[in-house]
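Here's the structure, in structure tokens; my notes come after.
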Amino acid sequence: MNWEDLIRALALVLVIEGLLPFAIPGRWRRVLLRISSLDDREMRTVGLMSMIIGLALLQLAHLFL
């Protein structure tokens, strides 16, 4: 992996992060308000699950693509 791959990955994250606010801004705002009410433990759980799912998807992509 080189710097170009890292920049591409970060750019893709920004594109994906922007999809929901662009497509459904009202619903996205409500989701963010709900997320902001989570305590630290729940927020860490959400973050951990997100990382695990992301790593699993990367592994599946590596195996099958």
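Computed from a predicted structure; not experimentally measured.
Atom-to-atom distance recorded for L14:CG and L19:CG is 11.0 Å, nearest 0.5 angstrom. Within the model, atoms CE of M43 and OG of S36 stand 7.5 Å from one another, a figure rounded to the nearest 0.5 Å. Atom CD of E4 sits about 7.5 Å away from atom CD1 of I7, to the nearest 0.5 Å.
Through direct or indirect side-chain contacts shorter than 4.5 Å among Ile, Leu, Val, Met, Phe, Trp and Tyr, I53 is connected to L57. Residue M49 belongs to no hydrophobic cluster, having no ILVMFWY side-chain heavy atom closer than 4.5 Å to its own.
In this structure, V13 is not a member of the same hydrophobic cluster as W28, with clusters built from ILVMFWY side-chain heavy atoms closer than 4.5 Å. When the side chains of ILVMFWY residues are joined at heavy-atom separations under 4.5 Å, either directly or via intervening members, W3 and L10 end up in a single hydrophobic cluster.
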**Prompt:** Would E42 and D39 satisfy side chain to side chain contact (heavy atoms under 4.5 Å, CB included), going step by step from the backbone distance to the final call?
**Reply:** CA-CA 5 Å; E42 292 170 324; D39 65 28; 3.3 Å; yes

**Prompt:** Can Q59 and L63 be said to form a side chain to side chain contact (heavy atoms under 4.5 Å, CB included), step by step?
**Reply:** CA-CA 6 Å; Q59 188 64 32; L63 289 173; 3.9 Å; yes

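No donor-acceptor pair under 3.5 Å is formed between the side chain of S50 and the backbone N or O of V46.
Looking at L20 and R27, their side chains never come closer than 4.5 Å, going by heavy atoms from C-beta outward.
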